[in-house]
Amino acid sequence: MGAYTDAGTSFFERSGWIKSTLFIALVSGILIRCLCIPFTYDYDTYHWAVIIQNIDSGNGLYELFGYYYTPVWGYIMGFIDMFSNTFLSVSELGTHVSGLLTVEDLENMRHVATVTSPEFNALMKIPIILCDLLVGYILYRFVGDWTGDRRKGGLAFALWFLCPIVVYMSSVQGMFDSFSALLILLSILLVLKGHYFSGGFMLALSTLLKLFPGSVVFVFIGLVLARHRCDGLAKRNLALAVTGALLCFFIILLPNIIEGNVADSITFISDRAGGFTLNLDTIFSMGGILIALPFMIFMGHMMYRTKEDIDRKFLIYTLLVLTISMFMNIGPQYVIVLLPFLVILICSYDRSYVVCWALIGFGAFLSAFVLNNYSLLMSSSVYLGWPPYDVILSGFDWTEAYLFGTNSFRSIMNSVGYAFMGAGLILIFVFHYEDVLVRKCPKAEKYIEKIRRLSFRKEVVR
């Protein structure tokens, strides 16, 4: 671990950032996102419009139909709405289009004929894009300081800001997983600096936004105990972290406690539990939970036993538990929460993990894109006049038509995307536990090395 300094660097070297990876990634990432904003997945953005409308009508998040998350994202949307009403005044959130009513009858995908306006789409996406920028900046500064190499910081920014699934979710689908990545990243960095109270607070906040950051809790506890096993401060610092987490839960849920609708604020959990049906998806999720939970506890134990290079192990174990949590409920947007830590690993320790980055980023993007397909054109069709409605409807017909049994083009390509994404997630474990695998099966070494060579270059710090 080191700190980068500009001392002794000439003016021309310092101003060379214009040609750097950072500058190219920044400009191209913003340009791509701006071009993507008009294309929107109808179902998610429609619900954001419903929630904004409910807030404007003077109702709380849970008083009317439409909001199914914990309050954190609702508070963020409330702030966006307040900003819009004060400075922008978006006149139209959306409109119901009778010419697209048949999209609501599609058998396997959720779509609505209420199409949001380009202004509203931009209103919801720009804050998420700004969050992308903030995460990228934090990675740039952290990796640059951590490695003592500003160029690696620029590479970290590029790998995050140009990752296909990050670009897609912020500028096309408008999902808020970048906020989840931001909060868990801040939590981990605060803990690395010894700020346990604020680190616990931020971990709780990230978990309340989406559940996956909660998988880090055992590693978090293991770090505190490992760092302070000899100075007698372990219990004190752990108590600070727990106090911060409890305070966060209390602050976030206080309005729900007062209004008596705490149960409504955890609907996203209770609905899934109440709607249990035995199928391949639930079997996969149950299997993932049975594997993931013991692994998270085991990683916490390994963190506790660590005596050397504690901070590096903490970052790696955080990545591992976030990766295993993906198998509890796999989805293209969920992987965004682990990407900052994968980027740190690539830029700081082992460049060959870029293979995992590519498989996860492009696989998740493919899955999300084919799931949404022609719905992405609905807003531009209604408000900009292109393409015609019949192009969208006929597009849905052929993507949803059964090709092999009950498999459509959409479902097949979605499976391909999931396969790439899953391969990238599994390779994270394969690379990390390479020594163990090679001891058990020596022939595996040559295959793992072939995969590693797909990266630009290999740089490993053991």
Side-chain angles (χ1 to χ4, degrees), residues 25 29 32-33 36 41 44-45 48 69-70 72-73 76 124-140 142 156-189 202-203 205-216 268 315 318-347 353-354 356-369 371-372 414 417-418 420-425 428:
I32 292 169
R33 283 167 170 82
C36 288
Y41 175 47
D44 288 335
T45 315
W48 306 156
Y69 293 95
T70 54
V72 180
W73 174 236
I76 294 173
M124 295 306 302
K125 292 177 183 181
I126 288 175
I128 307 176
I129 292 172
L130 293 175
C131 183
D132 286 351
L133 268 171
L134 182 55
V135 173
Y137 174 74
I138 293 172
L139 287 171
Y140 167 70
F142 174 75
F157 179 90
L159 287 173
W160 163 261
F161 202 58
L162 296 180
C163 184
I165 190 58
V166 175
V167 174
Y168 183 87
M169 283 299 161
S170 62
S171 60
V172 179
Q173 189 157 332
M175 284 298 289
F176 54 89
D177 292 80
S178 289
F179 282 99
S180 186
L182 172 65
L183 295 175
I184 184 60
L185 180 60
L186 288 174
S187 172
I188 296 306
L189 298 188
M202 203 63 68
L203 179 61
L205 187 61
S206 62
T207 304
L208 281 172
L209 184 61
K210 282 204 171 180
L211 285 175
F212 295 105
S215 62
V216 176
F268 76 108
L315 289 170
T318 294
L319 171 62
L320 292 175
V321 295
L322 286 172
T323 302
I324 199 71
S325 72
M326 295 298 106
F327 294 98
M328 297 169 65
N329 188 9
I330 196 165
Q333 69 269 35
Y334 302 146
V335 296
I336 289 175
V337 73
L338 65 85
L339 288 177
F341 304 99
L342 180 58
V343 166
I344 291 171
L345 180 60
I346 292 168
C347 298
Y353 278 81
V354 78
C356 306
W357 174 91
L359 288 169
I360 293 169
F362 285 95
F365 164 76
L366 176 61
S367 174
F369 180 74
L371 281 172
N372 301 160
N414 179 50
Y418 273 150
F420 280 116
M421 182 171 62
L425 294 171
I428 291 175

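In what follows, every heavy atom counts, from backbone to side chain, and hydrogens, waters and symmetry copies are set aside.
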Subject >> Chi angles and distances behind the side chain to side chain contact (heavy atoms under 4.5 Å, CB included) call for V72, F179 >> reply: CA-CA 10 Å; V72 180; F179 282 99; over 6 Å; no
4.5 Å side-chain heavy-atom contact, [X] and [Y]:
{"X": "C163", "Y": "L339", "value": "yes"}
{"X": "P127", "Y": "I76", "value": "no"}
{"X": "Y41", "Y": "M175", "value": "no"}
{"X": "L185", "Y": "F341", "value": "yes"}
{"X": "L209", "Y": "S206", "value": "no"}
{"X": "L182", "Y": "I138", "value": "yes"}

Original post:
Where the side chain of K125 meets the backbone of S170, is there a donor-acceptor pair that is under 3.5 Å apart?
Top reply: no
Subject >> Under 3.5 Å donor-acceptor, S187 side chain and L183 backbone >> reply: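 Not a single qualifying donor-acceptor pair exists.
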Subject >> From CA spacing to verdict: side chain to side chain contact (heavy atoms under 4.5 Å, CB included), D132, R33 >> reply: CA-CA 11 Å; D132 286 351; R33 283 167 170 82; 3.1 Å; yes
Minimum heavy-atom distance between [X] and [Y], given as atom pair plus value:
{"X": "V167", "Y": "F161", "value": "CG2-O, 3.5 Å"}
{"X": "L139", "Y": "A156", "value": "O-CB, 4.1 Å"}
{"X": "V172", "Y": "C36", "value": "CG2-CB, 3.6 Å"}
{"X": "W160", "Y": "S178", "value": "CZ2-OG, 4.1 Å"}
{"X": "V337", "Y": "P213", "value": "CG2-CG, 4.0 Å"}
{"X": "A368", "Y": "I165", "value": "CB-CD1, 4.3 Å"}

Roughly how far apart are [X] [atom1] and [Y] [atom2], rounded to 0.5 Å?
{"X": "L315", "Y": "I344", "atom1": "CG", "atom2": "CD1", "value": "5.5 Å"}
{"X": "L203", "Y": "L186", "atom1": "CG", "atom2": "CG", "value": "11.5 Å"}
{"X": "I184", "Y": "M202", "atom1": "CD1", "atom2": "CE", "value": "10.0 Å"}
{"X": "D44", "Y": "Q333", "atom1": "CG", "atom2": "CD", "value": "7.5 Å"}

Original post:
What do the steps show when you test L159 against L342 for side chain to side chain contact (heavy atoms under 4.5 Å, CB included), and what is the final call?
Top reply: CA-CA 10 Å; L159 287 173; L342 180 58; over 6 Å; no
Original post:
For N372, which residues count as a side-chain hydrogen bond (donor to acceptor under 3.5 Å, both in side chains) partner, sequence neighbours excluded?
Top reply: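 Applying side-chain hydrogen bond (donor to acceptor under 3.5 Å, both in side chains) to N372 gives Y168.
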**OP:** Classify the angle between the aromatic ring planes of Y69 and W48 as parallel (below 30°), tilted (30 to 60°) or perpendicular (above 60°).
**Re:** tilted
**OP:** Report the relative orientation of the aromatic rings in F369 and F365; use parallel for angles under 30°, tilted for 30 to 60°, perpendicular for over 60°.
**Re:** parallel
Subject >> Contacts of type ring pair (Phe, Tyr, Trp, His ring centres under 6.0 Å), residue F142, not counting sequence neighbours >> reply: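 So F142 forms a ring pair (Phe, Tyr, Trp, His ring centres under 6.0 Å) with W146.
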**OP:** Give a yes or no on whether Y418 atom OH has more than 12 heavy-atom contacts from other residues, nucleotides or ligands under 6.0 Å away.
**Re:**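 Yes - once you tally the heavy atoms of other residues, nucleotides and ligands closer than 6.0 Å, there are more than 12.
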Contacts table for residues 320-327: side-chain donor-acceptor under 3.5 angstrom, sequence neighbours left out:
unit_1, atom_1, unit_2, atom_2, d
T323, OG1, L319, O, 2.7
S325, OG, L322, O, 2.6

**OP:** Apply the test side chain to side chain contact (heavy atoms under 4.5 Å, CB included) to residues L211 and M328: give CA-CA distance (whole Å), side-chain angles for both, the deciding distance (0.1 Å), then the verdict.
**Re:** CA-CA 11 Å; L211 285 175; M328 297 169 65; over 6 Å; no
